[in-house]
Amino acid sequence: PHPQAKLKTKKSRGAQFRVSEVTMNGWLRLAQEEGWIPQYESTRGTVEEYARYADGVDMELAVPRHQVQGICCLEVVFHPGVPVRAAPAREAPTLSTRRPGEYVF
């Protein structure tokens, strides 16, 4: 997903849709059709919201709000640690392990 990608379709204001993935930089992958939607756009220090979670939906995200610089810091809390993979897949080779208490940017 990126802003210069070819436009597939548009969603009307108030339209509801299902999402199967949320990226760290705010892109939403559509679950029941092909495509991605930006959740927000940040330009010149202001954030314009394009999509939000529907009322009554209880979501717990790793990074619950926009990070101005596009960078956030997460603390590893899983014991005994988290594998760092060569690619975003469980089958990808493990490069290293981050231990509980370590920070990841």
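Please read all numbers here as calculations on a predicted model, not as lab measurements.
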task = Looking only at non-hydrogen atoms, find the nearest pair between Glu102 and Thr97 and report the distance.
result = OE2-O, 4.0 Å

inquiry  = Measuring only between side-chain heavy atoms, which start at C-beta, is Thr94 closer than 4.5 Å to Arg85?
reply    = yes

ask   = What are the two closest heavy atoms between Pro38 and Tyr50, and how far apart are they?
value = O-CB, 3.2 Å

query = With sequence neighbours left out, what residues match Arg52 under side-chain hydrogen bond (donor to acceptor under 3.5 Å, both in side chains)?
reply = Glu49

key: Heavy-atom closest contact (Pro80 atom, Pro100 atom, distance)   = O-CD, 3.4 Å

note = Which of Val19, Thr23, Val47, Leu28 passes side chain to side chain contact (heavy atoms under 4.5 Å, CB included) with Gln39? Answer is Leu28

ask   = What distance do Leu30 atom CG and Lys11 atom NZ have between them, rounded to the nearest 0.5 Å?
value = 5.5 Å

query = Does the side chain of Trp27 reach to within under 4.5 Å of the side chain of Glu21, using non-hydrogen atoms?
reply = no

request  = Determine whether Arg99 and Val76 make a side-chain contact, defined as any pair of heavy atoms from C-beta on separated by less than 4.5 Å.
outcome  = no

inquiry  = Under 4.5 Å side-chain heavy-atom separation, chaining through any Ile, Leu, Val, Met, Phe, Trp or Tyr, what else clusters with Val77? Say none if it is isolated.
reply    = none

ask   = Looking at residues at least two apart in the chain, or sitting in another chain, which of them share a side chain to side chain contact (heavy atoms under 4.5 Å, CB included) with Thr46?
value = Thr43

ask   = Any chain of hydrophobic side-chain contacts (each under 4.5 Å) joining Val104 to Phe78?
value = yes

query = Quick check: are there more than 12 heavy atoms from other residues, nucleotides or ligands sitting under 6.0 Å from CD of Glu75?
reply = yes

